[in-house]
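Step one of this worksheet: look at the structure below.
A quick note: this is a predicted structure, and the numbers were derived from the prediction, not measured.
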Amino acid sequence: PDEETAIRQFGTDDKYFGVCVLMNTLPGLPMFAHGQIEGYTEKYGMEYQRAYYNEEPQQWLVEKHEKQVFPITRKRYLFSEVDNFNIFDYVDGYGNVNENVFAYTNRFGNEKALVFYNNKYEQTGGRIHFSAPKLTRTGSGKESVSVSLGEALGFRDDDRLFYVFREHFSGLEYIRRGKDLCRDGLQWNLNGFEYKLFWDFREVYDEQGEYESLFWKTGAGVPSIEKALDEMRLQPLHNSFEAIFAE
């Protein structure tokens, strides 16, 4: 009640939703303030007997919460605990840590998640590889431990293993090589106030080299990796029909 409303502090654009994503994906208990989802700007006071502003819900804002935020809130079990939580330094091409970028992972059972948020208007590029040291229980007590991205998310360093994962807000799927994720971490560019949530990770074994070929074709993401794989398999047939009807 003593704070200004979320809408007054962060607006209703990407910065607000980036902060909202942080609130819903960091360990602990998230709190939505009175009127936040509806976009109300009036500061709520315990002593108020009634609202002084005649505000109506912003329906588009409610719908965006329903589409982007509520699916995350329904998976709070994936984000709320600290045992598997690791926060990473986002390092640019010159070796500098960009303190404006939040990057962290968490796990629950076989489910995994990776979150990025750029809390700055400027675009940026960088890589995450090793986590910040975290006080961890060991056999002899506690010690400060840093882990790689591969260790944090349980990836395996193998030439034939690939990892497919989905970005929540765009719905696009991506594929990366296990050896790259384990040895080099993950490179990702972010626009100003851009937020990314990667989850639905699955491991695939590339027996015939098809996923390797697909990896080089789909760097920007596709609606479905499996459909893209089917299209790649059918490409010789498509080429034959194009040749037949070329004239």
[X] [atom1]: over 12 foreign heavy atoms closer than 6.0 Å:
| X | atom1 | value |
| --- | --- | --- |
| Gln59 | CD | yes |
| Phe32 | CZ | yes |
| Arg156 | CZ | no |
| Trp216 | CH2 | no |

Considering only NZ, NE, NH1 and NH2 on the basic side and carboxylate oxygens on the acidic side, decide whether [X] and [Y] come within less than 4.0 Å.
| X | Y | answer |
| --- | --- | --- |
| Glu231 | Arg233 | no |
| Glu81 | Arg107 | no |
| Glu143 | Arg137 | no |
| Lys179 | Asp159 | yes |
| Glu207 | Arg160 | no |

Give a yes or no on whether the backbone of Ala243 and the side-chain of Asn239 come within a donor-acceptor separation of less than 3.5 Å.
no
Between Thr124 and Asn118, does the side-chain hydrogen bond (donor to acceptor under 3.5 Å, both in side chains) criterion hold? Intermediate values first, please.
CA-CA 8 Å; Thr124 187; Asn118 178 20; 5.8 Å; no
How does the hydrophobic cluster around Leu29 look, that is, which other residues are in it when side-chain heavy atoms under 4.5 Å mark a link?
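When side chains under 4.5 Å apart are linked, Leu29 ends up in no cluster with other residues.
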If you group Ile, Leu, Val, Met, Phe, Trp and Tyr whenever their side-chain heavy atoms sit less than 4.5 Å apart, what else falls in with Phe201?
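Via sub-4.5 Å side-chain contacts, Phe201 links to Phe88, Tyr90, Val101, Leu114, Phe116, Ile128, Leu149, Leu153, Phe155, Leu161, Tyr163, Phe165, Leu172, Tyr174, Leu181, Leu186, Trp188, Leu190, Phe198, Tyr205.
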Given the ring of Phe17, does Lys64 sit roughly above its face, with NZ or CZ under 6.0 Å from the centre of the six-membered ring and within 45° of the axis?
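Satisfied, under 6.0 Å and within 45°.
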